[in-house]
Amino acid sequence: MEQVNFKDYLIGKKIDPGAFAKGEPDRFKEFNLLFDQMHPDSFTAQKLFLINKIRRAYQLKEEVVEKSVKKPMMRPKIAKPKTN
């Protein structure tokens, strides 16, 4: 199993780790220490309501990716045999 660090965890929860560290440095250090000591699922279960408040305060800015529009493909025309 791959170890997840705290910053990657915050990005996965759509929280900006830089803004969170600057805005609430004491809570960031406390959460980082606790996160290193337990499984990410346990951390989420214990801090769920706090994580939701933090997510609203320090929302991660997502880059808008434009989807390319494909032209519709032409359906092949099948010649039907003539019947008399």
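The figures that follow rest on heavy atoms only: side chains count, while hydrogens, waters and symmetry mates do not.
- Between Leu60 and Ile15, the closest side-chain pair of non-hydrogen atoms is not below 4.5 Å.
- At least one side-chain heavy atom of Leu34 sits under 4.5 Å from a side-chain heavy atom of Lys47.
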Worked check of side chain to side chain contact (heavy atoms under 4.5 Å, CB included) between Gln59 and Lys14: CA-CA 6 Å; Gln59 216 169 28; Lys14 298 182 181 178; 5.8 Å; no

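- When side chains are defined from C-beta on, Lys13 counts as touching Thr44, because their heavy atoms get closer than 4.5 Å.
- Taking the ring pair (Phe, Tyr, Trp, His ring centres under 6.0 Å) definition, one finds that Tyr58 meets it with Phe20, sequence neighbours left out.
- In terms of hydrophobic clustering, with Ile, Leu, Val, Met, Phe, Trp and Tyr side chains grouped at heavy-atom distances under 4.5 Å, Val4 and Phe31 are assigned to a common cluster.
- Judged as a ring pair (Phe, Tyr, Trp, His ring centres under 6.0 Å), and not counting sequence neighbours, the contacts of Phe35 are Phe6, Tyr9, Phe43.
- By the salt bridge (Lys or Arg N to Asp or Glu O under 4.0 Å) test, Glu24 pairs with Arg27, sequence neighbours left out.
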Verdict with supporting geometry, Ile54 and Phe49, side chain to side chain contact (heavy atoms under 4.5 Å, CB included): CA-CA 9 Å; Ile54 292 167; Phe49 294 109; over 6 Å; no

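- Formation of a donor-acceptor pair under 3.5 Å by the Ser42 side chain with backbone atoms of Met38 is not found in this model.
- The line from NZ of Lys53 to CD1 of Ile51 is 12.5 Å long, rounded to the nearest 0.5 Å.
- The CZ atom of Arg55 sits 10.0 Å away from atom CG of Leu10, with the distance rounded to the nearest 0.5 Å.
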